[in-house]
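Okay, so here's the structure we're looking at.
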There are 2 protein chains.
Amino acid sequence: MRTEGLSINLATVRAQWTLREAVEGCRRHGIGAIDPWRDQVAAAGLSEAVRCVKDNGMRVTGYCRGGMFPGPDATARRSAIDDNKRAVDEAAALGAECLVLVVGGLAAGSRDLAAARAMVTDGIAQILPHARACQIPLAIEPLHPMYAADRACVNTLRQALDICDALGDGVGVAVDTYHVWWDPELETQIARAGRRILAHHICDWLVPTRDLLNDRGMMGDGVIDFRRIRAWIEAAGYTGPQEVEIFSAADWWTKDPDEVLRICIERYNQVC
Amino acid sequence: MRTEGLSINLATVRAQWTLREAVEGCRRHGIGAIDPWRDQVAAAGLSEAVRCVKDNGMRVTGYCRGGMFPGPDATARRSAIDDNKRAVDEAAALGAECLVLVVGGLAAGSRDLAAARAMVTDGIAQILPHARACQIPLAIEPLHPMYAADRACVNTLRQALDICDALGDGVGVAVDTYHVWWDPELETQIARAGRRILAHHICDWLVPTRDLLNDRGMMGDGVIDFRRIRAWIEAAGYTGPQEVEIFSAADWWTKDPDEVLRICIERYNQVC
């Protein structure tokens, strides 16, 4: 079955495999692209991670993740900005095509969503010169509104693109079906995004969803119409891979990871 | 403490009290307005429910709920429309100020969200003449996007108002803080809504939220800035009550309902 155009976000097998095991697993299944997470890279060590990626000829379609900009005071926000600059450096070392930003929710102890959103735009603006210098595009990932409080206060593609409009070159968006499938404006905002789409994540919405964070579905097991969304994304000019990213504590994280990859490939061919 | 301007959606004490117990409980606490649910009214019998409301001099700020329009075939959709007309009749008998619409999610077996949304607009259009004749305004309640698949495919105030624009007089919106607090367009869409705001529900977003449906919070226990949202709603011209609606299987539904009402009043005064 076809594996071209498929990337595996390594969160999908994070419970079972180390970075090297995951990279080698992908290669064994004929998958040529990955998106690793910072904790996986940190556990391996950056130079070993770089070696592992290069040895296996892997394309790195993104690096997860920067973000988490809001903080209760200037020190916390400065610390987040410094950490994001390090994430840019790591992304550059890995040859990643973008740094995915999960921007962060409300600052600790705050109910001021507008303030959190302002901190996000400010934080991205502050790391942008460094990201541009390193040639690492920043991909703002709008997260589902159910994460507005604690993970990301950028919750629609419209909102992410408004930030892109404000900040100019070097910032785009990551479109994850799980987070945006419900949006009545999805088609029009994808068209608006155009070439600013830097990543296309795929993951299904299960009914019922038993946990807000870690009960995401394999494509085909839920209610998302992947082909319709893909057609919109391709019409906007995106030519990159579809990247499978599934958080699934009760299901996919408990399975044989080779079986997980086999089914990712199967569903990618069948429904995506 | 002040109870003027406070209404209790009877879902808040549904696990503990019958309709009559709830109405008498509200009266005992000095609360003069309620919003009952259809199953509560059905359990009491409509004529007894009407008597209970009148005997206690209760204002009925809404009736929950109509909706659930999408269906896999014309028969199912027709059945939903007939049922909604009966809900309008019940709302009229109770003297309710509006019928709240939870519009329904995807049709059974479907992944076509656009089709579900079209069925919703069509369904509301079909019950609207009857609702107008009965002088029962229809209040479209945008539900949080996490319910798009299985409860309501109207997920933003903008989307609800677009339907109102299309259908004309007799349709407005119910603004529930729990469902809309995250929306980057909330302030502007509330201003756009103006006098079409027919109900203002209050309920807090907890961090963490342990269940997608029944882990909603008492005002003050979560992250919502109630006063800010209330100011926007009042600026739009809404003069009705704030209606407490909390689904809480693990917490408020297990408590002494007199204590629940006491705390509703307390928090209404402290944070709303």
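Bear in mind that the values here come from a model prediction, so they are computed numbers and not experimental data. Residue numbers begin at 1 in each chain, while the letters A, B, ... track the order of the sequences. For the numbers below, each heavy atom of this structure counts, side chains included, while hydrogens, waters and symmetry mates do not.
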How about [X]: does its [atom1] atom have over 12 heavy atoms from other parts shown lying under 6.0 Å from it?
X        : atom1 : result
A/Asp169 : CG    : no
A/Arg195 : CZ    : no
A/Arg262 : CZ    : yes

Open item on the list: Quick check on the interface: out of B/Arg158, B/Glu187, B/Arg210, who has the most heavy-atom pairs with chain A under 4.5 Å?
Closed with: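 With the most close heavy-atom pairs to chain A, the winner is B/Arg158.
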Please output the side-chain donor-acceptor pairs of residues 142-153 of chain A that fall under 3.5 Å, not counting sequence neighbours, one pair per line with the distance.
{"from": "A/His144", "atom 1": "ND1", "to": "A/Met146", "atom 2": "N", "distance (Å)": "3.1"}
{"from": "A/Tyr147", "atom 1": "OH", "to": "A/Leu212", "atom 2": "O", "distance (Å)": "2.4"}
{"from": "A/Tyr147", "atom 1": "OH", "to": "A/Arg216", "atom 2": "NH2", "distance (Å)": "3.0"}

Open item on the list: I need the contact set between residues 264-272 of chain A and chain B: heavy-atom distance under 4.5 Å, sorted by residue number.
Closed with: none
TODO: Could you list which of residues 218-231 of chain A have a heavy atom closer than 4.5 Å to any heavy atom of chain B, in residue-number order?
DONE: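 Residues of residues 218-231 of chain A touching chain B at under 4.5 Å: A/Gly220, A/Gly222, A/Val223, A/Ile224, A/Asp225, A/Arg228.
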Task: Engaged part of B/Thr156 at the chain A interface, taking heavy atoms whose separation is under 4.5 Å - done: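 Contact with chain A involves the side chain of B/Thr156 alone.
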TODO: Please flag which part of B/Asp211 lies under 4.5 Å from any non-hydrogen atom of chain A: side chain, backbone, both or neither.
DONE: backbone
Open item on the list: side-chain contact (heavy atoms from CB on, under 4.5 Å) for B/Glu185 and A/Gln159? Distances and angles first, verdict last.
Closed with: CA-CA 9 Å; B/Glu185 299 194 304; A/Gln159 190 189 1; over 6 Å; no
Task: Those residues of residues 99-117 of chain B, ordered by number, that approach chain A below 4.5 Å (heavy atom to heavy atom) - done: B/Leu106, B/Arg111, B/Asp112, B/Leu113, B/Ala114, B/Arg117
